[in-house]
Asks: 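Have a look at the structure that comes next, please.
Treat the numbers as computed from the prediction; the structure is a model and nothing was measured. Note on naming: letters A, B, ... go to the chains in the order of the sequence lines (proteins, then strands), and numbering restarts at 1 for each one.
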Amino acid sequence: MAKTTIPRAVVPSTPARKPSERWLRIAKTRQNAKSGVLLPCGRMVPMNDTHQNPLFAALNPAQQEALHRLNGPVMIVAGAGSGKTRVLTHRIAHLIATGVPPETILGITFTNKAAREMRDRVRALLFGNLAPSAREPLLATFHSLGVRILREFAPQAGLPRSFSIYDRADSLKIVKDSLRELGAEKQWEPRALLSAISRAKGDATTLSAYRDRAATPFEEIVVRVWERYENALQRTNALDFDDLLSRTLLLVESQTEIQQILQERWRYIHVDEFQDTNAVQYRLLRLLVGKEQNICVVGDVDQNIYSWRGASIRFMLNFESDFPGAAQIILEENYRSTQTIVAAANELISRNRNRIPKVSHSTNEEGSPVRLYAAYDEHDEAAFVARTIRERLQEGVASREIAVLYRANFQSRVLEEALLRVGVPYKVVGTRFFERKEVKDILSYARAALNPQSTADIARIANTPPRGIGKATLAALLAEREHTLAARARNAVASLRRDLKAVAAVLATEPASHAIRHIMELTGYLRMLEASKSEEDKERAENLKELVSLAAEYDHHAPPAGIEEMLAQAALESDQDTLRDNHEGVALMTVHAAKGLEFAEVFVVGLEEGLFPSYAGLNDASRDEEEERRLMYVAMTRAQKQLWLSWAQSRMLFGNRSVQAPSSFLSEIDPSYLEPVQAEEEAREPLRVIYLDE
DNA sequence: TCACTGGACGTTTTT
DNA sequence: CGTCCAGTGA
Ligand SMILES: Nc1ncnc2c1ncn2[C@@H]1O[C@H](COP(=O)(O)OP(=O)(O)OP(=O)(O)O)[C@@H](O)[C@H]1O
């Protein structure tokens, strides 16, 4: 395997504004075709000099290996906090530094936030504060990559120029409607049907293949709903999340020319969090990798936590046979956490049988023990968290350095109440801005105007604000039977049409933020909110103003591309995206949402049998004890310095107070790493009375 | 058409 | 215990 690439054009793509801004510059002499690094002092060092090239100096020897092996397939396998993401970032920067054209590099991340961060890091590593150049690597999630490809090749993919992306709520609504049409809404759970459909799509199973092997009554109803679901999507020019991947796969699979274009476009492909890749993503990936086989994936099988939606570690296990000659790089040093945290997490995960044992150690300080709190109930637990955080803030820890992690979203409520009570600022990650009703409404106007087939959007906004369009009128409108309506209803429909026409005109001519403002005004939506006396509506009006400033980020696109881009972003926004880079406040989130993040101090709450590990889906095949343990491993390894674990002896579940047993995971951590925290006396007494009352 | 209300039902995790 | 939604009456 070649250790040095053959650089092509190595002339710096963007002229430096000021010499000081560009601390690292690509230079090359024509004679030897070898590149070097120009240090700020003006001295030139060879590109591969592991001592002087700053990109190498920031990595340990094992990590550097990934920068030496730029060609051919590479898989980096390593535990939490071992610098996998850091290596990817440096590798991409290094590729560019050696003269690989940036736009031939593709990096796939798990969330948009991760993509954005990687983009910032690569820029910082290469150009200091230089303005973004047109020539940049593409850093995106599989889903946004799909949108990009499908937009570019819309005709070949059999898609209209402007298609809508349906989020889970949109999809669920179609499933519900389909079930109702089938008269089966009482017998089946819409969510179960949607996840069956989604799961099949993610496994690259087509409807007809699924139909052929459907045997159980459940599978039969899935088929019947899926047929209707697919019809509805097609009718409304819409794609769901899974389609963004599967339609892209279909396109690239069936059209060799397109495959070739894409293979030539991205000659260096990277995938982060590879352990959570599903079948469709993997097949797409294999098709995108060109003859040179320049693919670099990083992952940790112990952090596979999305198997319930089709992600599988088998692609990691098969990597070497699918990509012959693949180099494997193993990273063993954890840079993130204290020795105590690393040891405790390793011990826990070693209980899993279905894994490949690996070494992971830390040369960081030993650190303090993991603190364990046994609460009386969920209120006591939340009070403990709030009180401890307040103390830590007083001791000088920044609030953004602290996270509280839980298994299920409903657990955030008590925590919020407790934090509010003691005045600790916090941010619940996962309450997505774009899922707020008022935001969805305004965006629905845009979607309906851009894509007149989008009946879901039309239904959503037809009577918001009230125009006098009720159920009957709406049905007639959607069936294009307006002429059968009474005059009053016809007028109402005419007013809706006028609004949509006006919105369409505005979208075609105005930049994104102006367009959004116009929508709010010309539809009377903002007026409706401002006329209301309720606090909630006041807040909604505020959110809409926020939406306008968000839209301004898309103003540089020519209309209507700005809005289209924003709509795609809105649909693809991840939970993590609600955490702004410079956010204030303690982060509250599910363990799933914390994947890939790190915090100085971490609380993991609700460590009770049935909750974490969760017993939900007990009858399902989806329940997986080992995945729950991996989830716990992910949770623990988010912490850099201090980890707190807690559980409650009693908890309100489904409106019933239930007696809880401590999580089995707690007994899987050696007691020598743990230190119990005593309850505060005054906190204990009144709560004990409540407890005994039961 | 729309506002209100009682009852059913839920909590796994999400791009 | 809350939330959401379907069904009711005005
Ligand atoms: N060689 C190194 N020198 C100093 N710090 C490092 C080094 N490698 C990694 N780190 C730091 O360790 C932390 C973890 O790195 P990173 O997030 O890249 O790990 P990861 O393997 O992707 O983690 P996870 O799998 O848990 O998401 C980061 O703060 C990173 O900056």
Asks: Once you round it to whole Å, what is the distance between C1' of dT12(B) and CZ of Phe410(A)?
Replies: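 That distance rounds to 9 Å.
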Asks: Write down the distance between NE2 (His592(A)) and C1' (dT13(B)), rounded to a whole number of angstrom.
Replies: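 Rounding to the nearest Å, NE2 of His592(A) and C1' of dT13(B) are 4 Å apart.
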Asks: Roughly how many Å is it from CZ in Arg630(A) to P in dT13(B), rounded to a whole number?
Replies: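 Arg630(A) atom CZ is separated from dT13(B) atom P by 18 Å.
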Asks: What does nucleotides 2-9 of chain B look like as a protein-contact string, B for base, S for sugar-phosphate only, - for none, at under 4.0 angstrom between heavy atoms?
Replies: S-------
Asks: For dT11(B) and Arg191(A) - does any side-chain N or O of the residue sit under 4.0 Å from the phosphate oxygens OP1/OP2?
Replies: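 For dT11(B), OP1/OP2 do have a side-chain N/O of Arg191(A) under 4.0 Å.
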Asks: For Glu152(A), give me all partners under salt bridge (charged side-chain N to carboxylate O under 4.0 Å, His left out), at least two apart in sequence or on another chain.
Replies: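 With sequence neighbours excluded, Glu152(A) shows a salt bridge (charged side-chain N to carboxylate O under 4.0 Å, His left out) to Arg265(A), given in chain and number order.
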Asks: Looking across every strand, which nucleic acid part, if any, lies under 4.0 Å from Tyr306(A) by heavy atom: base, sugar-phosphate, or nothing?
Replies: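 Sugar-phosphate, backbone atoms only, no base.
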Asks: What I'd like to find out is whether the side chain of Met632(A) reaches to under 4.5 Å of the side chain of Ile349(A), using heavy atoms alone.
Replies: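 Answer no - side chains too far apart.
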Asks: Which nucleotide wins on minimum distance to the side chain of Ala593(A), given the candidates dT11(B), dT12(B), dT14(B)?
Replies: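 Shortest atom-to-atom distance from the side chain points to dT14(B).
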Asks: What is the nucleic acid contact for Arg168(A), judged by heavy atoms within less than 4.0 Å: base, sugar-phosphate only, or nothing?
Replies: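 Touches a base.
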Asks: Going by salt bridge (charged side-chain N to carboxylate O under 4.0 Å, His left out), name the residues that satisfy it together with Arg121(A), two or more places apart in sequence or in a different chain.
Replies: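 None.
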Asks: I'd like the P distance from dT13(B) over to dC4(C), given in whole Å.
Replies: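 Straight-line distance between the two P atoms is 15 Å.
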Asks: Return the set of residues passing salt bridge (charged side-chain N to carboxylate O under 4.0 Å, His left out) with Glu438(A) (not counting sequence neighbours), or none when no residue passes.
Replies: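 So Glu438(A) forms a salt bridge (charged side-chain N to carboxylate O under 4.0 Å, His left out) with Arg540(A).
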Asks: Excluding sequence neighbours, so at least two apart, what forms side chain to side chain donor-acceptor pair (under 3.5 Å) with Gln576(A)?
Replies: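 Gln576(A): side chain to side chain donor-acceptor pair (under 3.5 Å) contacts with Thr111(A).
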Asks: With Asp302(A), which residues qualify under salt bridge (charged side-chain N to carboxylate O under 4.0 Å, His left out), at least two apart?
Replies: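 Residues passing salt bridge (charged side-chain N to carboxylate O under 4.0 Å, His left out) with Asp302(A): Arg355(A), Lys358(A).
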Asks: How would you list, by chain and number, every residue that makes a side chain to side chain donor-acceptor pair (under 3.5 Å) with Trp647(A), sequence neighbours excluded?
Replies: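 Side chain to side chain donor-acceptor pair (under 3.5 Å) check on Trp647(A) returns nothing, list empty.
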Asks: At under 4.0 Å, does any side-chain N or O of Asn409(A) touch on OP1 or OP2 of dT14(B)?
Replies: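 For dT14(B), OP1/OP2 do have a side-chain N/O of Asn409(A) under 4.0 Å.
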Asks: Does the cation-pi check pass for Arg630(A) over Tyr633(A), that is, NZ or CZ under 6.0 Å from the six-membered ring centre and within 45° of its axis?
Replies: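 Not flagged: Arg630(A) not positioned over aromatic ring of Tyr633(A).
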Asks: Which residue pairs satisfy the salt bridge (Lys or Arg N to Asp or Glu O under 4.0 Å) criterion with at least one member in residues 588-598 of chain A, sequence neighbours excluded?
Replies: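 For residues 588-598 of chain A, and leaving out neighbouring residues, the salt bridge (Lys or Arg N to Asp or Glu O under 4.0 Å) pairs sorted by first residue read Glu273(A)-Lys595(A), Asp276(A)-Lys595(A), Arg336(A)-Glu598(A).
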Asks: Check the distance between dT13(B)'s P and Met589(A)'s CE and give it to me in whole angstrom.
Replies: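 To the nearest whole Å, that distance equals 15 Å.
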Asks: Provide, to the nearest angstrom, the distance between the CZ atom belonging to Phe434(A) and the P atom belonging to dT14(B).
Replies: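 Result: 18 Å.
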Asks: Taking the P atom of each, how far is dA6(C) from dT11(B), in whole Å?
Replies: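 The same atom, P, in both gives a distance of 16 Å.
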Asks: Nearest whole angstrom, please: distance from the P of dT14(B) to the CD of Glu627(A).
Replies: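 In whole Å, dT14(B) P lies 13 Å from Glu627(A) CD.
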Asks: Between P on dT13(B) and CE on Met632(A), what's the gap in Å once rounded to a whole number?
Replies: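 Nearest whole value for this atom pair: 18 Å.
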Asks: Where does the angle between the aromatic ring planes of Phe665(A) and Phe612(A) fall among parallel (under 30°), tilted (30 to 60°) and perpendicular (over 60°)?
Replies: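 Rings of Phe665(A) and Phe612(A): perpendicular, as their planes differ by over 60°.
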Asks: Is the base of dT13(B) stacked against the aromatic ring of Trp308(A), taking ring centres under 5.5 Å apart and planes under 30° as the test?
Replies: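 Stacking is present between dT13(B) and Trp308(A), given that their ring centres fall under 5.5 Å apart and the planes under 30°.
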Asks: OP1 or OP2 of dT12(B) less than 4.0 angstrom from a side-chain nitrogen or oxygen of Thr590(A), does that happen here?
Replies: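 Negative; the distance criterion is not met.
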Asks: Walking along DNA chain C from 5' to 3', note the first and the last nucleotide with an atom under 4.0 Å from a heavy atom of chain A, and give both.
Replies: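 The protein-touched segment is dC1(C) to dA6(C).
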Asks: If you look at every strand shown and take non-hydrogen atoms under 4.0 Å, does Arg651(A) touch a base, only sugar-phosphate, or nothing?
Replies: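 Here Arg651(A) touches no strand at all.
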Asks: What is the distance, to the nearest angstrom, from the CG atom on Leu611(A) to the C1' atom on dT11(B)?
Replies: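 For the pair Leu611(A) CG and dT11(B) C1', the rounded distance is 9 Å.
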